[in-house]
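For reference, the structure discussed in these notes is given below.
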There are 2 protein chains.
Amino acid sequence: MGNTATDAAPGRRDRKKRQTRDALVAAALRLVDERGRDHVTVEEISEAADVSPRTFFNYFATKDDALLGGPLPDGPSIHDRLLAVPAGVPLLNALFEAMQPDIEQIQAERDVWLLRLRVIKSNPSLLPLLVARGECAEEETVAAVAARTGIAPDSLFPQLVATTAGAALRTSMMRWATDDNRDLLDLVREAFVILGSGLTEPAPTHEEVTR
Amino acid sequence: MGNTATDAAPGRRDRKKRQTRDALVAAALRLVDERGRDHVTVEEISEAADVSPRTFFNYFATKDDALLGGPLPDGPSIHDRLLAVPAGVPLLNALFEAMQPDIEQIQAERDVWLLRLRVIKSNPSLLPLLVARGECAEEETVAAVAARTGIAPDSLFPQLVATTAGAALRTSMMRWATDDNRDLLDLVREAFVILGSGLTEPAPTHEEVTR
DNA sequence: GTCGAATCTTGCAGCCCCTGCAAACTTTTA
DNA sequence: TAAAAGTTTGCAGGGGCTGCAAGATTCGAC
């Protein structure tokens with residue numbers, strides 16, 4: 001039964017918590033996917049997850065929060081990861097490396113995320129919340145970029161880098177959601193290449209040339 | 001009394017509408033600035049604007065919408081403006097030119113916007129909505145960039161350009177809100193220069209060198 | 001195992017957001 | 001001046017979300 005140090009034997013209680021949480025997320029996504037955000041009530045979601053409506057709000061502050069999956073799981077922050085990349089690596093590459101664990105995490109939950117992104121697409125009012133989810137990370141990124149470059153955190157450059165990186169990730173995810181053949185990591189890489197080239201248009205018929 | 005073709009003599013009715021609309025926006029911003037978003041009710045806002053609560057919802061779909069100022073005023077769309085820029089101009093410069101009217105519009109309403117941005121800063125849940133406001137424009141931008149470059153609108157490049165441009169505008173605005181000495185147009189220009197240079201860090205002590 | 005502490009679930013009351021509807025009321029048009 | 005068109009308002013009502021206090025469950029120590 002031994003667990004390695006990192007996960008530290010959850011215990012029955014936490015296991016049940018995670019279980020209900022996942023059930024609520026799944027029920028919310030399924031129902032909203034079927035009927036649309038505004039035609040699903042919290043009561044119906046909690047009914048489907050077999051808990052009381054009041055319990056729903058013990059897990060999520062908002063109906064929408066359940067669709068987005070609530071707060072991100074913890075672990076070493078973007079900030080720490082970015083500063084852990086060797087100093088020689090150019091900024092954009094370092095940023096890409098620092099984001100990689102998050103991206104892999106998303107791919108690990110591929111099915112949930114594809115459903116989630118489909119739900120977001122058909123319920124545009126949710127899109128801003130996807131942005132909000134990335135924003136806490138963006139604040140960290142600002143600080144980390146500032147620290148790495150020695151530029152003041154309250155100047156334009158670090159903030160622009162952080163929001164741009166967030167935009168690149170989000171755009172890649174939306175693209176991934178409609179074209180699940182390609183790896184998400186590949187898409188993000190391509191986005192960063194475009195960013196690094198100053199948003200100059202890629203050569204046309206790109207695939208034909210490289211293959 | 002003659003008006004030129006563009007504004008076409010509003011008439012008493014539309015004048016009153018604009019008046020109540022502005023009163024609602026002003027009341028909402030003032031109250032929320034004083035007490036915070038969650039400590040102001042729609043009833044209080046409409047009270048302050050001297051209309052019934054029901055009327056509030058004739059103007060805005062949401063309490064937050066009043067804070068953001070509702071849908072953007074009309075005029076030639078970003079799409080049309082971008083395609084109107086001569087074909088020789090590089091993409092980023094063309095985009096910057098196309099956004100200029102919007103930026104000037106914001107500077108024309110400087111006081112309201114500075115208050116609005118302050119309110120957004122102290123009520124983070126509003127920030128995603130600022131993003132949402134730009135998003136309709138982003139869809140247009142995607143189409144326009146695609147048309148201008150001949151790249152399919154559903155590929156990564158145009159989408160990335162559009163979201164990045166939006167991020168640059170938003171970041172510049174937030175920066176502007178805390179440092180109102182600098183022109184907003186200048187800040188956006190600087191942001192676009194950084195984007196064009198592939199997000200390479202600007203030379204340190206930039207001001208000392210150029211002056 | 002047993003008991004108490006800590007935690008989780010649930011029901012209830014209640015405020016507020018937001019909507020549809022239909023009845024005033026006001027401006028515009030004929 | 002009368003009809004048409006558009007606006008404001010009250011009312012009723014569903015649904016989101018919160019604080020509170022009472023069960024029910026799990027955990028830790030003995």
Side-chain angles (χ1 to χ4, degrees), chain A residues 1 3 7-25 27-29 31-32 34-68 70-71 119 123-126 128-129 132, chain B residues 1 3 7-25 27-29 31-32 35-68 70-71 123-126 128-129 132:
Chain A
M1 358 185 115
N3 269 315
D7 26 358
R12 190 204 248 61
R13 198 185 230 127
D14 297 285
R15 230 179 309 136
K16 274 197 148 184
K17 271 187 81 169
R18 169 171 294 276
Q19 226 170 330
T20 24
R21 227 188 73 98
D22 289 352
L24 282 169
V25 171
L29 281 175
L31 290 174
V32 171
E34 288 171 9
R35 305 187 215 158
R37 198 214 105 131
D38 297 338
H39 295 66
V40 175
T41 71
V42 169
E43 196 173 352
E44 290 167 328
I45 296 172
S46 10
E47 177 70 21
D50 202 42
V51 292
S52 88
R54 187 63 185 82
T55 296
F56 178 95
F57 289 106
N58 286 341
Y59 283 85
F60 304 102
T62 292
K63 183 168 76 166
D64 296 334
D65 272 6
L67 295 170
L68 281 256
V119 163
N123 298 271
S125 69
L126 294 176
L129 298 184
Chain B
M1 17 175 96
N3 270 314
D7 25 359
R12 189 205 259 35
R13 196 181 241 137
D14 296 283
R15 232 179 306 139
K16 276 197 146 182
K17 270 188 82 169
R18 168 171 292 276
Q19 227 170 330
T20 21
R21 228 187 72 98
D22 289 352
L24 283 170
V25 170
L29 282 174
L31 290 174
V32 171
R35 303 187 216 160
R37 195 214 105 127
D38 296 339
H39 294 66
V40 176
T41 71
V42 168
E43 197 173 351
E44 291 167 326
I45 296 172
S46 9
E47 177 71 20
D50 201 42
V51 293
S52 87
R54 187 63 185 82
T55 296
F56 178 96
F57 290 106
N58 286 340
Y59 283 85
F60 303 102
T62 292
K63 182 167 78 165
D64 296 333
D65 272 6
L67 295 170
L68 280 257
N123 298 271
S125 71
L126 293 175
L129 298 184

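Proteins get letters first, then strands, A, B, ... in listed order; numbering begins at 1 in each. Excluded from the calculations below are hydrogen atoms, water molecules and symmetry mates; all remaining heavy atoms, backbone and side chain alike, are included.
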Counting only heavy atoms not in B/D50, do more than 12 fall under 6.0 Å of its CG? no

Between CG on residue B/D14 and CZ on residue B/R21, distance to nearest 0.5 Å: 12.5 Å

Exactly one of A/T55, A/T20, A/T41, A/V51 clears side chain to side chain contact (heavy atoms under 4.5 Å, CB included) with A/S46, and that residue is A/V51

What's the separation between atom CG in B/D65 and atom CG in B/L24, rounded to the nearest 0.5 Å? 12.0 Å

Whole angstroms only, please: what is the CD-C1' distance between A/E47 and D/dG15? 16 Å

Using a 6.0 Å cut-off, check whether atom CZ of B/R18 has over 12 heavy atoms from anything other than its own residue. no

Would you say D/dT9 has OP1 or OP2 under 4.0 Å from some side-chain N or O of B/T55? yes

With the sugar-phosphate defined as primed atoms, P, OP1 and OP2, and the base as all remaining atoms, what B/S/- string results for nucleotides 12-22 of chain C, 5' to 3', for protein heavy atoms under 4.0 Å? B----SBBBB-

Take the protein atom CZ of B/R21 and the nucleotide atom C1' of D/dT7, then report the distance between them rounded to whole Å. 16 Å

Strictly under 4.0 angstrom, non-hydrogen atoms only: write out the protein contact profile of nucleotides 24-30 of chain C, one letter per nucleotide from the 5' end, B, S or -. --BBS--

Check: B/T62 side chain, B/D64 main-chain N or O, donor-acceptor pair, under 3.5 Å: no

For D/dT8 and B/Y59 - does any side-chain N or O of the residue sit under 4.0 Å from the phosphate oxygens OP1/OP2? yes

Evaluate the side-chain proximity of A/F57 to A/V42: yes if any heavy-atom separation is below 4.5 Å, no if none is. yes

Using atom CG of B/L24 as one end and atom P of D/dT7 as the other, report the distance to the nearest whole Å. 15 Å

How many whole angstroms separate atom NZ of B/K17 from atom P of D/dT7? 4 Å

Please give me the minimum heavy-atom distance between B/N123 and B/R37, naming the atom from each residue. OD1-N, 2.9 Å

How long is the line joining CZ of A/R15 and C1' of C/dC8, in whole Å? 16 Å

